[in-house]
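Heavy atoms only: backbone and side chains are in, while hydrogens, waters and symmetry mates are out. The chain is numbered in sequence order, starting from 1.
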Amino acid sequence: MGTTVRRTASGSGTAPWEREEAGQRPPLWVEEPARKRRLPDPVRTSAVRAVIIVALTMVQAMVAFLSALAGSWLSFPMVLSSVASTVVATWGVLDVWVTRQVWNQRNGVVSAPSSTARRLRRERRRARRQARAEGRGKVRIRRRGGAGQLSHP
């Protein structure tokens, strides 16, 4: 597509550098809000470690496979080390999971209880408030010196 075709296709007939001078160019960087929160630092650290370990294990397994196909003497030690690396990679992935669970337990997760739980808690609170109010009312009556009378004769 030639320059003349591009100019006529855009419709304006002006070159991009001419639009820059006129201030019609859209911004290069547009800020967008993050969709998900960032992982906590310990979890991110263990996730990066796990990704590196898994990648190295996959490369090692590929080398073991190719050396076995080639009939190299290196294939047997590579297969043994690949098995060991698989165990380490599994540990790395489990480490991410455990680290995330520990972080959530220590720092708390914002939980949104179901509406049923909220309703039950409201009812319990209401009953406790009523019981406290009735208890306070009885204490006030006793302080006045009356024998259960609410008003004086």
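The two residues A50 and G92 make their nearest non-hydrogen contact at CB-O, 3.6 Å. V54 and A89 get closest at one heavy-atom pair: CG2-CB, 4.0 Å. Residue T57 comes nearest to S85 through the heavy atom pair OG1-O, 3.4 Å, listed as atom of the first residue, atom of the second, then distance. Residues Q60 and S82 share a closest heavy-atom pair of O-OG, 3.5 Å.
The CG atom of L56 lies 11.0 Å from the CE atom of M58; values are rounded to the nearest 0.5 Å. Between the CZ atom of F76 and the OG atom of S67 there is a distance of 12.0 Å, given to the nearest 0.5 Å. Going from atom CD of E123 over to atom CZ of R118 covers 14.0 Å, rounded to the nearest 0.5 Å. Between D41 atom CG and R44 atom CZ the span is 4.5 Å, to the nearest 0.5 Å.
At a threshold of 4.5 Å between non-hydrogen side-chain atoms, the residues I52 and R49 do not count as touching.
Screening V93, V88, D95, V48 for a side-chain contact (heavy atoms from CB on, under 4.5 Å) involving I53 leaves a single residue, V88.
Tracing side-chain contacts under 4.5 Å through hydrophobic residues (I, L, V, M, F, W, Y), one reaches L69 starting from M62; they form part of the same cluster. No chain of hydrophobic side-chain contacts below 4.5 Å, direct or via other Ile, Leu, Val, Met, Phe, Trp or Tyr residues, connects W103 to V96. L80 and V87 sit in two unconnected hydrophobic clusters of ILVMFWY residues. Membership requires side-chain heavy atoms under 4.5 Å apart, directly or through other members.
For R132, there are no salt bridge (charged side-chain N to carboxylate O under 4.0 Å, His left out) partners, not counting sequence neighbours.
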